[in-house]
Amino acid sequence: MNFIEKIDNIISKISKSFLIGFFSILIVVMLIISSIYLYIDKPSFQLNNLNNYIGIILNIVLVLGIIYVTRKLSNKIKNYKLLIGIIFLIYFILELVYIFMVPIRPFSDMGEIVKIAMSDFTENIEYLQIYPNNFFICVIFNLLFRITSYNVLNLKIFNIICNIVTIIFAYKIYKNIYKKDNLLVLLLGVFSISTFLYVNCTYNDLLFTTIVTIVIFCLTKEKQDLTNTIIIFILLFLQYIVRPVGIILIIATCMYYLLKEKNITKILVLLSIVLVLNFGYKTIQHKIIPKSTDEVPIWSFLQMGINEEEFGFQDSSHSPEWTFNDYKDRIEKLGIIRILKIIVKKVIWTWTEGTYQVERYAFGSSLNNQYYYDTALTAEVFQINSSIRISLEYFMKGQYLVLMILSLFGLIFSDKEISKNKIYLLFYIIIGMLCFYIIWEIKSRYIYCLYPIFLILAANGSERAIDKLKEGKIKWENLRKMKHQ
């Protein structure tokens, strides 16, 4: 065994054990405490109430029903293509009904981005000088408007397509890793309320999630030819400029190439291509959007990450004046104990909020004139304390908890022979995101991109749990027969 293989074995054991422990802690916390998003744009905690447990029970029943239907269909249907087509046709129609019935106007950052894209980069350029990381999503939205028409509805339809593509590729990744089809990935995806509602959010989250999922699919394919590798490199660059946190996927890919494929050449070529493309992209960006002293520096985001009052949540105090020395001074002022408390709170809140704050992005936050027109639903969801929004929140939190429990099963029962290499790519990404948001500012929507990975782990977890139950039943029956003999 060479040095890299030894390191690989150590990292593999640590990463799997760490995630099992981490998911276990999250589940225990969610069974007791509910992480709440307050519409004054602030995070909070409260003890679970009866409604939380009703939401959990309803989702356990729903998932058991989905698993039962999936296994019945798997036994009867040999060709899934027609069934998958019907499922997504119904899904697409329901999504269309939703965006027509809740025609929310883009607000906050997504409002600024849409305004820039619709003006063909003639208005509100100051926003991009402050937040240049949103330049590329403005370019994408502007291209969509030019190809179709200057209507926000087109962005939402694009989001629906992104959702469908993401779920399909999650299904394909499962097949790449476990060498078999599993309709449960698809059904868990289409029944996910939070991701269904998220299509009203005209920002970069859905496109980023789709690109990330396609990259994982390409990386886990059995055949790794030159064309596939080039596609991976290009997509890695694209997801990085859609959202700079995409650096985590680049690092995870490099780890995968080094530890699992033992291919240093690919790493060097990947990093070279990303650096060259990024240099060209930044050159073009600065010609269109000149650099400004108003740009929010990295130190502002890191400062927000140790904001004690809201434990890392963005509190509108971003400033172009923050420096490394300011960040260092705040760390020294807080001290190690207070910083650890902030980190624990922010990690628990981010990873257990469970809705990706989708009620805000799906229905708005009681802003004046927040809908393009009124419908039978807009009056019901306008108020943040409406019964629909509250009921959905409890249900989505329950749905997220059940998904985490099944994902934990997927981690515990992961098959070493089948998924020896490929499954660890998913582990690297989850751990990378966790580490990044320990220091960065937080919002629960920032881990939205991980939901396809949760679908894959959860689908495997349910399959393996059922297999273990069957094995236990057979052993029990054999013991009973032996006693009677």
*Can you find a side-chain donor-acceptor pair between Y203 and N134 that sits under 3.5 Å?*
yes
*Grab the two heavy atoms, one from M396 and one from T355, that are nearest each other, plus how far apart they are.*
CB-CG2, 3.9 Å
*Between CG of N263 and OG1 of T229, what distance do you get to the nearest 0.5 Å?*
8.5 Å
*asked:* How long is the straight-line distance from SG of C449 back to CD1 of I211, given to the nearest 0.5 Å?
replied: 11.5 Å
*asked:* Given 3.5 Å as the limit, does a donor-acceptor pair link the side chain of R464 with the main chain of F413, or not?
replied: yes
*Just say parallel, tilted or perpendicular for the rings of F313 and Y37, cut-offs at 30° and 60°.*
tilted
*Supply the atom-to-atom distance I251 CD1 to I267 CD1, rounded to the nearest 0.5 angstrom.*
12.0 Å
*asked:* Could you check whether E308 pairs with K345 (Lys NZ or Arg NE/NH1/NH2 to Asp/Glu carboxylate O, under 4.0 Å)?
replied: no
*Would you check if the distance from the ring center of F23 to the ring center of F18 is below 6.0 Å?*
no
*Report the residue from V344, T350, I343 that forms a side chain to side chain contact (heavy atoms under 4.5 Å, CB included) with V347.*
I343
*Assess the side chains of T209 and T166: does a donor N or O sit below 3.5 Å from an acceptor N or O?*
no
_Within the 3.5 Å criterion, strictly below it, is a donor on E353 or S444 matched to an acceptor on the partner's side chain?_
yes
*Under 3.5 Å donor-acceptor, S386 side chain and E380 backbone*: yes
*Examine the side chains of N163 and Y198 and answer whether a donor and an acceptor come within less than 3.5 Å of each other.*
no
_E441 (side chain) donor-acceptor with F301 (main chain) under 3.5 angstrom_ = no
*Does the side chain of T220 come under 3.5 Å of the side chain of K175 through a donor N or O and an acceptor N or O?*
no
_Parallel, tilted or perpendicular, as decided by the 30° and 60° cut-offs, for the rings of Y448 and Y356_ = perpendicular
*Please check if the distance between the ring centroids of Y437 and W351 is under 6.0 Å.*
no
*Please check if any side-chain donor atom of N59 sits under 3.5 Å from a side-chain acceptor atom of Y400, or the reverse.*
no
*Any donor-acceptor pair under 3.5 Å linking the side chain of K156 with the backbone of E95?*
no
*Indicate whether any N or O donor in one side chain lies under 3.5 Å from an N or O acceptor in the other, for Q46 and S44.*
no
*Under 4.5 Å between any side-chain heavy atoms of I442 and M304, yes or no?*
no
*Cation-pi check, R445 to Y361: give yes when NZ or CZ is under 6.0 Å from the six-membered ring centre and within 45° of the ring axis, no otherwise.*
yes
_Check for me whether the distance between the ring centres of Y256 and Y424 falls short of 6.0 Å._
no
_Assess, by modelled atom type and distance only, whether the side chains of N182 and Y174 contain a donor and an acceptor separated by less than 3.5 Å._
yes
*Can you label the angle between the Y91 ring and the F88 ring as parallel, tilted or perpendicular, going by 30° and 60°?*
perpendicular
_Check for me whether R330 meets the cation-pi criterion with W322, that is, NZ or CZ under 6.0 Å from the six-membered ring centre and within 45 degrees of the ring axis._
yes
